[in-house]
Peer 1: 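Handing you a structure now.
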Amino acid sequence: MKYDIPVTKTKHSRLSEVDFDNIPFGRVFSDHMFMADYIDGEWTNLKIIPFDRFAIHPASMVLHYGQAIFEGMKASKSFEGQALFLRPEKHAQRLNVSARRMCMPEIPEELFLEALHQLIAIDQAWIPPQEGSALYIRPYVFGNDEFIGVKPAEKYKFIIFTGPVGPYYPKPVSLIAEDKYVRAVKGGTGEAKAAGNYAGSLLPARIANQKGYDQVMWMDGKEFKYIQEVGTMNIFFVIDGKVITPATDGAILKGITRDSILTILRDKGYQVEERPISIDEVVAAHDAGKLEEVFGTGTAAVVAHVSKIAYKDRVMELPPMEDRKVGAMAKAEIDGLRSGTIKDTHNWIVPVGEYAQVDA
Ligand SMILES: Cc1ncc(COP(=O)(O)O)c(C=O)c1O
């Protein structure tokens, strides 16, 4: 271990108060959290402490200028009860992509991974053993100078906390192709997992809900023609046997589930294309009876099937669920890797606590 992370354990575990068969999403938090401060150009004050509130100054820069980035990932238990992560280093790397774009200090990958392994090892008992359940993990970083004025902060906090979540059985989602608001443009912040991106998505999402749709399908900000992604998921189309997903172009979040599913599909011999896909192409495929599946991918749901897509004055209904073979297969593969029923040929699975230090 390269980093010394002192641990203060809670004297009052809340674990016995939690009903793992009935966990409200996003409201239950585990016993401990990791915290670090960035001061004078280095990460310091590393510690694992009981999960609790902490104070920040009213002038803390994040509250005014929004330097805040985060990750969302999971630890789960295999059938044999082993606690494991799926591709944790990818989340460390993406957090640093976000940090660079938002002019924030990077977190050394070893620091991220050591903190993660130690924290989750301590709160292992909080990983629900039920199939499909997991421990949701939220690493985040924010600018914390006590200062008014637009500039990059000099002090930051890096925190990781966790909370158990139940199985996510998403019902198929209905989408509306957005033709007024944009989530991101090339050169903007769409490729960063920056808090402000989510704030900007709330109004269009509320309007979509008021029209009776679950989520917004984001389009490019220039022509409102090319499809980007959906809510908090990347999007895949199966057209005439081919699987197509928008190429990441600087405006789309590079989903880790997207990357895993692309790899799985290619391994299985599917014809896969990462390229710009226009709404006109989707409409034409639908009209020709060739739009076989549409699904979103992300850490929370893994795969969420799309039931229908509204675009201007028309609504495209998608084929019945039993015909959605590609999305169902992709989800089963990722679930199988996590549960240990499918062989991990890519070394994506990392047991909690087994952090091999790579000396720089
Ligand atoms: C905007 C957005 N797109 C896509 C995704 C899917 O990314 P991942 O598969 O890494 O969870 C997420 C979730 O993190 C997201 O917030």
Side-chain angles (χ1 to χ4, degrees), residues 25-26 68-76 85-99 101-102 112 116 134-141 160 162-163 165 168 170 173 175 178 181-186 188-205 208 214-221 226-237 243 245-265 274 277 294-306 327 330-331 333-335 337-338 346 348 350:
F25 189 90
I69 56 174
F70 65 99
E71 274 301 313
M73 54 193 294
K74 284 176 175 173
S76 49
F85 301 114
L86 183 70
R87 310 186 82 187
E89 73 293 344
K90 287 273 165 202
H91 292 274
Q93 290 157 7
R94 189 171 63 186
L95 189 65
N96 283 337
V97 169
S98 303
R101 178 62 184 85
M102 305 310 283
F112 181 102
L116 182 74
L135 189 68
Y136 186 80
I137 304 167
R138 171 52 55 87
Y140 64 111
V141 188
I160 310 177
T162 71
V165 291
Y168 198 100
V173 289
L175 308 180
E178 180 60 62
Y181 297 101
V182 293
R183 173 186 175 274
V185 291
K186 283 184 198 175
T189 60
E191 211 173 81
K193 212 163 157 57
N197 290 344
Y198 297 84
S201 74
L202 298 176
L203 176 65
D214 297 315
Q215 294 201 25
V216 167
M217 185 167 81
W218 300 109
M219 312 293 288
D220 79 277
Y226 293 99
I227 295 161
Q228 293 182 326
E229 57 186 303
V230 170
T232 58
M233 293 189 287
N234 295 107
I235 191 162
F236 284 70
F237 298 85
V243 188
T245 191
T248 53
D249 58 354
I252 296 174
L253 190 84
K254 288 186 174 164
I256 293 160
T257 319
R258 172 188 183 278
D259 185 74
S260 302
I261 289 179
L262 283 172
T263 306
I264 290 167
L265 291 173
E274 286 178 78
I277 177 163
V294 182
F295 57 88
T297 67
T299 296
V302 184
V303 166
H305 294 283
V306 173
K331 178 163 166 48
E333 286 284 316
I334 292 197
D335 289 348
L337 282 171
R338 283 189 181 279
H346 296 284
W348 286 348
V350 181

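Note that ligands are numbered from 1 as they come in the structure, with each ligand's atoms numbered from 1 the same way. We use all heavy atoms of the structure for the numbers below, so side chains are in, but hydrogens, waters and symmetry mates are not.
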Peer 1: For the CD1 atom of I69 and the OG1 atom of T189, what is their distance to the nearest 0.5 Å?
Peer 2: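 So the CD1 of I69 and the OG1 of T189 are separated by 12.0 Å.
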Peer 1: So, using salt bridge (Lys or Arg N to Asp or Glu O under 4.0 Å) as the criterion, who are the partners of E333 when residues are at least two apart?
Peer 2: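 Once residues adjacent in sequence are excluded, the partners of E333 under the salt bridge (Lys or Arg N to Asp or Glu O under 4.0 Å) criterion are K268.
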Peer 1: What pairs with F25 under ring pair (Phe, Tyr, Trp, His ring centres under 6.0 Å), at least two apart in sequence or on another chain?
Peer 2: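 Listed in chain order: nothing, the list is empty.
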Peer 1: Could you go through ligand 1 and list every pair where one of its N or O atoms sits under 3.5 Å from a protein N or O, giving the atom names and the distance to one decimal?
Peer 2:
from	atom 1	to	atom 2	distance (Å)
ligand 1	3 (N)	E229	OE1	2.5
ligand 1	9 (O)	I256	N	3.3
ligand 1	9 (O)	T257	N	2.9
ligand 1	9 (O)	T257	OG1	2.6
ligand 1	10 (O)	R94	NH1	2.8
ligand 1	10 (O)	R94	NH2	3.1
ligand 1	10 (O)	I256	N	2.8
ligand 1	11 (O)	T299	N	2.8
ligand 1	11 (O)	T299	OG1	2.6
ligand 1	14 (O)	K193	NZ	2.8
ligand 1	16 (O)	K193	NZ	3.1
ligand 1	16 (O)	Y198	OH	2.5

Peer 1: Hey, what's the ring geometry for F236 with F295, parallel, tilted or perpendicular (30° and 60° as the breaks)?
Peer 2: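 Taking F295 first and then F236, their aromatic rings lie parallel (interplane angle under 30°).
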Peer 1: Among residues at least two apart in sequence or on other chains, which ones pass ring pair (Phe, Tyr, Trp, His ring centres under 6.0 Å) with F237?
Peer 2: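 F237: no ring pair (Phe, Tyr, Trp, His ring centres under 6.0 Å) contacts found.
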Peer 1: Just by distance, do the side chain of N234 and the backbone of E229 share a donor-acceptor pair under 3.5 Å?
Peer 2: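 Here the side-chain-to-backbone pair does not exist.
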